[in-house]
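Note that the structure is a prediction, hence the values are computed from the model and not measured. Labels below follow one simple rule: chain letters A, B, ... track the order of the sequence lines, proteins then strands, and each chain is numbered from 1.
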Amino acid sequence: MEKTYQPEQIETRWYERWEADNRFAPSGQGTPFSIMIPPPNVTGSLHMGHAFQDTIMDTLTRWKRMQGNNTLWQVGTDHAGIATQMLVERKVAAEEGKSRHDLGREAFIDKVWEWKEESGGHITRQLRRMGASVDWSRERFTMDNGFYKAVQEVFVRLYDEGLIYRGKRLVNWDPKFETAISDLEVENKEVDGHMWHFKYPLAGGESYEYIEKDADGNITFRENRDYISIATTRPETMLGDGAVAVNPADDRYAALIGKLCEIPVGPKEHRRLIPIIADEYPDPDFGSGAVKITGAHDFNDYEVAKRNGIPLYNLMDRKAHMRNDGLSYEESAALAAKAAKGEDIGNVDEVNLVPTELRGLDRLDARRQIVEVVTAEGLAVTAADAEGNEQPLVEHKKLMQPFGDRSGVVIEPYLTDQWFVAVETLAKPAIEAVENGDIQFVPKNYENMYFAWMRDLQDWCISRQLWWGHRIPAWYDAEGNIYVARSEQEAREKNGLAADVTLTQDEDVLDTWFSSGLWTFGTLGWPEQTPELETFHPSSVLVTGFDIIFFWVARMIMMTLKFTGEVPFKQVYVHGLVRDGQGQKMSKSKGNVLDPIDLIDGIELDTLIEKRTGNMMQPQKAKAIAKATRDDFKDGIEPHGTDALRFTFLSQATTGRDIKFDMSRLDGYRNFCNKLWNASRYVLMNADGEDCGVNGEQVELSLADRWIISQLQKTEAQVTKAMDEYRFDHASQALYEFIWNEYCDWYLELSKPVLWDENASAASKRGTRRTLVRVLEAILRLAHPMMPFISEEIWQRIAPLAGTHAGDNDSVMVQPWPEADQSKVDEQTTRDIEWLKGVIIAVRNIRAEMNIAPGKPLDVLLTKGKPEDAERLEKNRLFLAKLAKLESVTWLENPDDAPLSATQLVGDMEVLVPMADLIDKDTELARLNKEIEKQDKLIGGIEKKLGNEGFIAKAPEAVVEKERGKLAEFQAAKKLLEEQRAKIEAL
RNA sequence: AGGACCAUAGCUCAGUUGGUUAGAGCGCCACGUUGACAUCGUGGAGGUCGGCGGUUCAAAUCCGCCUGGUCCUACCA
């Protein structure tokens with residue numbers, strides 16, 4: 001074996017071997033256990049979140065597999081509609097200078113598939129680097145034919161049941177991608193904005209007395225007005241106003257309800273009049289209390305408009321430019337005027353209220369012009385500035401503005417025909433499944449988040465105006481009648497349409513999440529009733545981030561219950577986000593992204609900087625990012641190996657909260673791998689080719705042997721319990737603790753005196769070798785789900801010595817998970833070893849405090865102990881001498897015979913290192929005083945407790961007894977320390 | 001505005017149903033290389049558990065309020 005652990009030499013090799021040996025497929029034996037991977041985007045590359053999540057899933061999967069379950073980890077990728085289309089569009093533009101429209105739909109889709117075949121496997125290759133034991137033979141892609149069949153089936157059935165409908169609704173519109181998006185794909189961000197205040201003059205020059213009152217009804221302001229004051233952050237929408245609404249309880253405007261006012265924009269001769277209506281929506285205490293209603297461009301206004309029969313005038317096109325189609329402004333304004341008077345003008349689609357000079361402008365340019373014109377006309381509300389001059393009132397304020405999470409552009413509410421899922425009836429059973437425990441969230445508090453969202457569900461807009469995705473299985477005839485079916489042919493048959501009736505398929509595709517919602521059962525062959533579906537559905541656990549509960553988890557629950565009558569998974573393990581060392585979200589624009597592969601393989605500083613600053617949206621940040629990177633990673637990143645990275649994730653995986661990724665812990669766990677490596681090296685050096693008792697030869701087990709076996713049982717139980725509870729931090733901690741602090745620090749050291757003792761019996765040497773090997777072999781099995789590579793590499797060498805290796809094709813992957821054997825837990829042995837460790841530490845302590853060289857042989861006396869201490873000394877003389885580097889150890893019956901010594905306590909017993917000539921009186925006195933003080937404090941605390949009548953009366957007897965015991969112990973210790981102090985003082 | 005989560009050593013975090021001498025890793029200080037490992041070993045320093053109040057015989061732990069932080073949802077023209 002190499003002297004240090006070299007992960008790069010073993011990881012890829014083992015992964016290829018496992019895959020070639022078909023180790024990842026279900027065994028076909030045992031209780032089914034299945035996990036469906038949250039499908040990563042096919043365009044994606046592995047980020048820290050994936051790496052974290054995959055580590056957890058793989059750890060669970062390997063663990064369950066070793067426990068003998070019929071284990072399936074189902075893998076696949078998601079076609080990621082917008083992201084993929086965007087990527088291929090860019091590629092085609094760069095390579096051929098063509099847009100997707102130049103190519104046409106079919107040719108473009110071909111390009112996407114080409115791209116997918118070439119580059120779509122990037123993330124799955126990276127998944128292999130993480131050691132993920134997914135069943136590659138069952139890999140699925142959401143655009144696969146089989147999966148498409150499931151998607152179509154679901155669509156058709158929901159439509160037939162009336163749960164999918166098409167309608168004109170206000171939706172979130174992404175003007176960059178020219179598609180509808182769901183509200184979950186919208187990110188609300190705070191931006192600096194303006195709020196303008198404009199005067200809407202009353203029709204016919206009417207005026208009224210505007211009166212403001214305070215809370216007590218006293219008049220605080222009155223003036224004569226011939227307008228109503230309106231505020232807006234989007235002046236361009238004024239063009240599409242259909243009404244001004246005031247609250248019916250607002251006295252200021254009560255007299256105006258039913259009257260008309262004028263929108264202060266557009267050609268003077270065609271100024272539009274709109275009604276002033278009463279609605280509960282306006283808040284009298286906010287702004288002027290009057291709200292302009294633009295039903296086609298604002299979600300709140302849309303509701304008001306619907307309630308009051310106000311027309312919805314669309315002002316923009318798909319690019320969010322001001323419309324340049326439909327009727328002329330004059331014709332449109334005339335129609336709108338009729339509508340304002342309450343006349344029915346029918347379909348308003350052709351009505352284009354954008355004045356000629358604004359048509360075709362971007363909405364923001366239109367906004368500027370409108371503000372200018374209205375202000376010039378004197379219809380801006382004014383306020384006095386610092387010098388007392390009246391100025392147009394423009395408030396600078398923070399606005400929450402919607403942005404597309406992929407496009408980054410401002411999202412517009414936009415009126416279009418879209419397909420929707422009516423979610424109400426689907427939501428009910430989905431809520432119940434969580435309420436009644438069929439699905440459990442871990443940690444449980446995420447259930448509240450789920451309920452909160454499910455209780456307030458909007459119909460889900462599932463159509464997207466994209467080319468890449470599952471095309472909607474709906475056809476239209478010339479009259480616009482809709483026929484939904486699994487194919488054009490079925491549409492004809494179902495509806496008795498003649499062959500000469502022309503049908504055209506809907507152009508739109510489905511939201512990617514619509515197909516992802518079918519993931520758990522769609523991947524198992526549904527709608528066919530396959531054996532896989534029977535065996536592995538519902539899946540056992542879903543591992544996912546909380547940010548995706550709405551997008552995906554909730555929808556999976558709804559869809560799966562609807563179509564299979566089963567829950568998609570029994571448990572949902574929700575993990576936190578992986579953040580950088582400072583707790584910042586990792587993002588390209590912040591330049592703080594870590595690539596898991598770089599942590600595994602290492603990366604030069606310059607390459608890392610190049611990676612972080614290359615191809616940036618905001619190049620001006622490059623310098624700061626380069627500096628920050630230089631500060632954080634002076635020498636780049638060293639290679640750590642996959643196992644160390646996995647172990648780091650696991651150790652930081654506490655209950656559901658975000659993790660700050662800690663590089664120093666990554667270093668620490670790489671060292672841990674090295675520790676395990678070297679411990680194994682030691683074992684091999686001492687056991688390979690030696691008699692390890694594989695054939696059941698007689699052995700003699702030392703105290704240390706029995707102790708480490710006992711500790712192993714406890715560790716096995718701890719790790720198993722922690723895994724059961726998804727406490728990967730506890731599981732990894734227990735393993736770390738055992739390997740480093742027990743097996744390496746103590747047991748390996750304790751094995752040396754036996755193995756190196758020429759006088760030791762063959763049976764005792766054999767016993768120690770057997771224990772060394774067997775315990776290590778168990779450790780490797782225990783470690784395997786967390787650290788698959790190093791455990792396999794070492795296991796292959798160790799297992800033959802332990803007699804558990806079944807030949808060339810064997811693997812630790814398929815070994816049984818270690819189960820604790822309670823009969824091997826030996827508390828007496830544990831106490832004995834604790835005693836031994838206590839004495840050794842006491843001697844080391846004295847050495848450190850007295851400045852005695854670690855290697856200098858010492859003569860040590862033990863005294864004042866109980867008879868069992870003397871016995872322990874006799875049994876452990878060899879160990880003691882070796883580990884504490886002692887020349888001799890003597891049991892002193894009469895403490896009065898003790899020479900002047902440095903002392904330490906082990907229980908009641910005193911450890912003495914005679915050093916008459918060496919002792920530093922002052923140092924030793926100071927130390928003793930400090931010790932005594934400490935005991936005093938402890939004693940004081942307990943005496944206070946025991947002096948409390950309430951405590952004696954009410955606390956459980958066992959607790960009181962325990963306190964009494966402690967008191968006695970501390971008092972005895974103090975007494976010994978005082979005696980020692982007296983001796984030193986007497987010098 | 002509503003809700004969730006968090007606050008424990010210089011840093012990253014554990015701390016089960018209240019009873020521990022409040023722990024780990026990293027970092028820090030001192031010492032140490034003869035054979036598993038300097039990616040190491042040995043010893044050590046370092047915390048009034050964010051603040052205030054309450055419940056209790058007993059609070060890092062349960063309850064309330066406050067402060068600070070993170071996030072989600074809704075946002076008001």
Side-chain angles (χ1 to χ4, degrees), chain A residues 1 3-5 188 195 197 230-234 237 244-245 281-283 285-294 298 300-301 304 399-400 443 445-446 448-449 452-453 456 546-547 549-550 576-577 579 581 583 585 638 640 644 648 651-652 654-686 721 725 727 729-730 733 736-737 740-741 744-745 748-749 752 841 844-849 851 853-855 934-935 937-938 941-942 945 948-956 958-960 962-963 966 970:
Chain A
M1 282 174 92
K3 198 175 166 186
T4 53
Y5 174 55
N188 290 305
M195 188 150 81
H197 298 258
I230 299 292
T232 181
T233 55
R234 296 188 296 157
T237 63
V244 167
Y281 167 61
D283 174 2
D285 296 327
F286 185 83
S288 71
V291 183
K292 68 193 221 37
I293 301 300
T294 321
D298 181 282
N300 291 313
D301 292 5
V304 178
L399 300 176
M400 288 301 272
N445 49 301
Y446 284 102
N448 292 328
M449 191 168 162
W453 191 67
D456 184 33
F546 67 90
D547 51 331
I549 288 179
F550 304 147
L577 240 53
R579 297 167 174 279
K585 229 180 207 173
E638 288 184 350
H640 292 87
T648 308
S651 71
Q652 290 198 269
T654 65
T655 48
R657 70 180 195 177
D658 287 356
I659 64 175
K660 287 188 211 177
F661 189 80
D662 188 352
M663 283 297 293
S664 68
R665 287 183 74 159
L666 180 62
D667 291 339
Y669 293 126
R670 182 202 47 185
N671 296 352
F672 174 58
C673 289
N674 188 61
K675 190 75 180 176
L676 176 58
W677 184 262
N678 272 290
S680 309
R681 228 159 68 87
Y682 167 82
V683 172
L684 280 172
M685 288 167 76
N686 287 285
K721 178 168 182 285
E725 295 166 347
R727 286 306 302 263
D729 58 330
H730 288 170
Q733 171 76 14
Y736 183 100
E737 182 94 22
W740 202 309
N741 301 336
C744 291
D745 281 354
L748 293 192
E749 295 309 317
K752 289 172 185 175
I841 288 168
R844 285 176 183 167
N845 242 309
I846 290 169
R847 280 184 194 272
E849 269 159 18
N851 272 319
K934 191 176 146 193
Q935 298 298 324
K937 244 172 127 179
L938 292 170
I942 292 175
K945 259 191 199 176
N948 183 338
E949 280 176 34
F951 178 69
I952 303 294
K954 295 190 180 174
V959 174
V960 178
K962 195 173 160 196
E963 290 301 319
K966 283 196 303 198
F970 298 146

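Nearest-nucleotide mapping onto RNA chain B: of Arg234(A) and Asn448(A), the residue sitting toward the 5' end is Asn448(A). Residue order along RNA chain B, read from the 5' end via each residue's closest nucleotide, puts Gln733(A) first among Gln733(A) and Phe672(A).
The phosphate of A36(B) (OP1 or OP2) has no side-chain N or O of Asn686(A) nearer than 4.0 angstrom. The shortest distance between the side-chain N/O atoms of Lys962(A) and the OP1/OP2 oxygens of U20(B) is not below 4.0 Å. Taking only side-chain nitrogens and oxygens, Lys752(A) comes nearer than 4.0 Å to OP1 or OP2 of A36(B). Between Trp740(A) and the phosphate of G41(B), there is a side-chain N or O to OP1/OP2 separation shorter than 4.0 Å. Between Asn671(A) and C40(B) there is a side-chain N or O to OP1 or OP2 distance below 4.0 Å.
Across all strands, Thr4(A) comes closer than 4.0 Å to base atoms (heavy-atom distances). When heavy atoms are screened at a 4.0 angstrom cut-off, Lys3(A) is found touching the sugar-phosphate backbone but no base atom. Using a 4.0 Å heavy-atom cutoff across all strands shown, Tyr736(A) reaches sugar-phosphate atoms only and no base atom. Across all strands shown, Ala955(A) has heavy atoms under 4.0 Å from base atoms, whether or not it also approaches the sugar-phosphate. Residue Thr233(A) is classed as a sugar-phosphate contact, given heavy-atom separations below 4.0 Å to backbone atoms only. Backbone-only contact: Arg579(A) has heavy atoms under 4.0 Å from sugar-phosphate atoms and none from a base. Within the nucleic acid shown, Ile293(A) has no heavy atom closer than 4.0 Å to any nucleic acid atom. As judged by a 4.0 angstrom heavy-atom cut-off over every strand, Cys744(A) is placed among the base-contacting residues. Among the protein residues, Asp283(A) comes within range of the nucleic acid bases, having at least one heavy atom under 4.0 Å from a base atom. Contact annotation for Met195(A): backbone-only contact, meaning every heavy-atom pair under 4.0 Å involves sugar-phosphate atoms and none involves a base. As judged by a 4.0 angstrom heavy-atom cut-off over every strand, Asn300(A) is placed among residues touching the sugar-phosphate backbone only. At the heavy-atom level, Gln935(A) lies nowhere under 4.0 Å from the strands shown.
Here, A77(B) and G69(B) have their C1' atoms 32 Å apart, quoted to the whole Å. Comparing U33(B) with G41(B), their C1' atoms sit 9 Å apart, to the nearest whole Å. For the P atoms, the distance from C37(B) to G15(B) is 36 Å, rounded to whole Å. The gap from the C1' atom of G51(B) to that of A59(B) amounts to 16 Å, rounded to the nearest Å. U48(B) and U8(B): their P atoms are spaced 12 Å apart (whole Å). Nucleotides A7(B) and G32(B) are separated by 41 Å at their P atoms, to the nearest Å. Rounded to whole Å, the separation between the C1' atoms of G18(B) and U55(B) comes to 12 Å. Distance check on atom C1': G10(B) versus G47(B) gives 12 Å, rounded to whole Å.
A distance-only check finds no donor-acceptor pair linking the side chain of Gln652(A) to the backbone of Phe661(A) [under 3.5 Å]. The main-chain N or O of Thr4(A) is never found under 3.5 Å from a side-chain atom of Asn678(A) such that the two would form a donor-acceptor pair. In this structure a side-chain-to-backbone donor-acceptor pair under 3.5 Å is present from Arg847(A) to Pro854(A).
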Pairwise N/O distances under 3.5 Å, protein to nucleotides 10-15 of chain B:
| residue | atom | partner | partner atom | Å |
| --- | --- | --- | --- | --- |
| U12(B) | OP1 | Lys660(A) | NZ | 3.2 |
| U12(B) | O4' | Asp662(A) | OD2 | 3.2 |
| U12(B) | O2' | Gln652(A) | NE2 | 3.1 |
| U12(B) | O2 | Arg665(A) | NH1 | 3.4 |
| C13(B) | OP1 | Lys660(A) | N | 3.4 |
| A14(B) | OP1 | Thr654(A) | OG1 | 2.4 |
| A14(B) | OP2 | Arg657(A) | NH2 | 2.9 |
| A14(B) | O3' | Arg727(A) | NH2 | 3.4 |
| A14(B) | O3' | His730(A) | NE2 | 3.4 |
| A14(B) | O2' | His730(A) | NE2 | 3.2 |
| G15(B) | OP1 | Arg727(A) | NH1 | 3.0 |
| G15(B) | OP1 | Arg727(A) | NH2 | 3.1 |

Which protein N or O atoms sit under 3.5 Å from an N or O of nucleotides 43-46 of chain B?
| residue | atom | partner | partner atom | Å |
| --- | --- | --- | --- | --- |
| G43(B) | O3' | Asn845(A) | OD1 | 3.4 |

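Two residues are said to be in side-chain contact when any heavy atoms from C-beta on lie closer than 4.5 Å; Val960(A) and Phe951(A) meet this criterion. In this structure, the side chains of Asp658(A) and Phe546(A) come closer than 4.5 Å at one or more pairs of heavy atoms. Here the side chains of Leu399(A) and Met195(A) are not in contact, with every heavy-atom distance at 4.5 Å or above. The shortest distance between side-chain heavy atoms of Lys752(A) and Tyr682(A) falls below 4.5 Å. Residues Met685(A) and Met1(A) fail the side-chain proximity criterion, which asks for heavy atoms closer than 4.5 Å. Between Ser288(A) and His197(A) the shortest side-chain heavy-atom distance does not fall below 4.5 Å. Residues Thr237(A) and Asp298(A) are not in side-chain contact: their nearest non-hydrogen atoms beyond the backbone lie 4.5 Å or more apart. Counting heavy atoms from C-beta outward, Val959(A) and Lys962(A) have side chains that stay 4.5 Å or more apart.
Between the NE2 atom of His640(A) and the P atom of U39(B) there is a distance of 13 Å, given to the nearest Å. As rounded to whole Å, 19 Å separates atom P of U39(B) from atom OH of Tyr669(A). As a whole-Å value, the separation of Lys937(A) NZ from G47(B) P is 10 Å. Atom-to-atom, NE2 of His197(A) to P of A77(B) comes out at 10 Å; the value is rounded to the nearest Å. Counting to the nearest Å, the C1' atom of U21(B) and the CG atom of Leu938(A) are 5 Å from each other. Atom CD in Glu963(A) sits roughly 14 Å away from atom C1' in G18(B) (whole-Å rounding). Counting to the nearest Å, the P atom of C31(B) and the CG atom of Asn851(A) are 9 Å from each other. The CG atom of Leu676(A) sits 15 Å away from the C1' atom of C40(B) (whole-angstrom rounding).
Counting all heavy atoms, side chain and backbone alike, Val244(A) lies closest to Ala290(A) at CG1-CB, 4.1 Å. Among all heavy-atom pairs drawn from Lys292(A) and Asp301(A), the shortest one is O-OD2, 3.2 Å. Across Tyr669(A) and Ser651(A), no two heavy atoms sit closer than the pair CE1-OG, 3.1 Å. Across every non-hydrogen atom of Cys744(A) and Leu748(A), the tightest pair is O-CB, 3.6 Å.
Of the candidate nucleotides A36(B), U39(B), C5(B), U39(B) has the atom nearest to the side chain of Arg670(A). Checking A36(B), U16(B), C76(B) against every side-chain atom of Lys721(A), the shortest atom distance belongs to U16(B).
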Check your understanding: Just the dot-bracket of RNA chain B, please: which string comes out with Watson-Crick or G-U pairs under 3.5 Å, [ ] for crossing, | for another strand?
Key -> (((((((..((((.....[...)))).(((((.......))))).....(((((..]....))))))))))))....

